[in-house]
Amino acid sequence: MAFEFGSSEWAQALTDEINGSSEYRNAARGWGTDFNGNMLFAFEADDRLSNPVNLLIRLQDGGCQGAEFVASPEHPDAGFTLSAPFALWKDILDRKTLAATAILKGQMRVDGPKMTLLKHTAASRALIHCTASVDTDFPGS
């Protein structure tokens with residue numbers, strides 16, 4: 001069953017996917033210890049997404065305490081914010097583009113300590129993999 005992108009059901013499915021992933025659990029051991037590991041994915045509006053969508057994922061030491069869609073890309077609980085147009089996010093979630101490549105090319109912006117993110121590349125990659133694994137009904141699909 002596909003979940004509608006932007007719904008609370010989709011956010012719960014993502015939480016379950018992250019918590020059920022041994023790949024993420026192992027790669028993210030220690031993530032968020034001694035720093036704010038919460039991630040906010042800012043899906044910016046473009047020709048495929050009429051309104052911006054912001055997803056806050058609460059992450060700590062290899063687990064997810066919850067995910068929710070929030071009103072603003074500037075949420076006080078976010079330790080890191082990754083921002084890009086929806087079409088680029090869709091390419092990342094379709095595994096056509098790597099998030100790290102998009103960051104290095106300046107196509108995706110990072111707010112937060114970039115060196116910490118770079119030190120935990122495997123955890124970031126596993127998080128994207130979990131996000132891409134949710135059976136999703138995307139806008140314009």
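Just so you know, these numbers use all the heavy atoms, side chains as well, and skip hydrogens, waters and symmetry mates.
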Between Leu55 and Ala67, what is the shortest heavy-atom contact and its length? CD1-CB, 4.2 Å

Donor-acceptor pair, side chain of Asn54 and main chain of Ala71, under 3.5 angstrom: yes

Does Ser83 reach the main-chain N or O of Ala42 with its side chain, forming a donor-acceptor pair under 3.5 Å? no

Give a yes or no on whether Met39 and Leu98 share a hydrophobic cluster (residues Ile, Leu, Val, Met, Phe, Trp, Tyr; joining criterion: side-chain heavy atoms under 4.5 Å apart). no

Pairs flagged by salt bridge (Lys or Arg N to Asp or Glu O under 4.0 Å) wherever residues 63-77 is involved - sequence neighbours left out: Arg58-Glu68, Arg58-Asp77

Between Ser7 and Trp10 (side chain of the first, backbone of the second, donor and acceptor by atom type, cut-off under 3.5 Å), is there such a pair? yes

Tell me whether the rings of Phe5 and Phe86 are parallel (<30°), tilted (30 to 60°) or perpendicular (>60°). tilted

Which side-chain N or O atoms in residues 117-132 pair as donor and acceptor under 3.5 Å with protein atoms at least two apart or in another chain?
unit_1: Thr121; atom_1: OG1; unit_2: Leu118; atom_2: O; d: 2.7
unit_1: Ser124; atom_1: OG; unit_2: His120; atom_2: O; d: 3.4
unit_1: His129; atom_1: ND1; unit_2: Arg95; atom_2: NH2; d: 3.0
unit_1: Thr131; atom_1: OG1; unit_2: Leu127; atom_2: O; d: 2.9

Report the distance from atom OG of Ser21 to atom CG of Asp16, rounding to the nearest 0.5 Å. 12.5 Å

Output every pair passing salt bridge (Lys or Arg N to Asp or Glu O under 4.0 Å) with a member in residues 21-47, not counting sequence neighbours, ordered by first then second residue. Glu44-Arg109

Look at the side-chain heavy atoms of Ile, Leu, Val, Met, Phe, Trp and Tyr, link any pair under 4.5 Å apart, and say whether Ile18 and Phe69 land in one connected group. yes

Hey, are the side chains of Leu49 and Lys90 touching, using non-hydrogen atoms and a 4.5 Å cut-off? no

Does the pair Val53 and Phe41 meet the rule for a side chain to side chain contact (heavy atoms under 4.5 Å, CB included), with working shown? CA-CA 8 Å; Val53 174; Phe41 292 170; over 6 Å; no

Rounded to the nearest 0.5 angstrom, the SG-CG distance for Cys64 and Leu14 is 6.0 Å

Minimum side-chain heavy-atom gap Leu40-Ile57 below 4.5 Å: no

Would you say Trp89 and Leu82 make side-chain contact, with heavy atoms under 4.5 Å? yes

Between Thr116 and Lys114, is there a donor-acceptor pair closer than 3.5 Å when you use the side chain of the first and the backbone of the second? no

Taking the side chain from Asn38 and the backbone from Leu59, do they hold a donor-acceptor pair closer than 3.5 Å? yes

Starting from the C-alpha separation in whole Å, work towards a yes-or-no answer on side chain to side chain contact (heavy atoms under 4.5 Å, CB included) for Phe138 and Leu93. CA-CA 11 Å; Phe138 284 107; Leu93 296 177; 3.8 Å; yes

Qualifying residues under ring-ring contact (aromatic ring centres under 6.0 Å, His included), relative to Phe80, sequence neighbours excluded: Trp31

Name all pairs fulfilling the ring-ring contact (aromatic ring centres under 6.0 Å, His included) condition that reach into residues 95-115, sequence neighbours left out, sorted by first residue then second. none

Any salt bridge (Lys or Arg N to Asp or Glu O under 4.0 Å) pairs touching residues 1-12, not counting sequence neighbours? none

Keeping Asp111 on the side-chain end and Thr81 on the backbone end, is there a donor-acceptor pair under 3.5 Å? no

Nearest heavy atoms of Ala102 and Leu88, plus distance in Å: CB-CD2, 4.0 Å

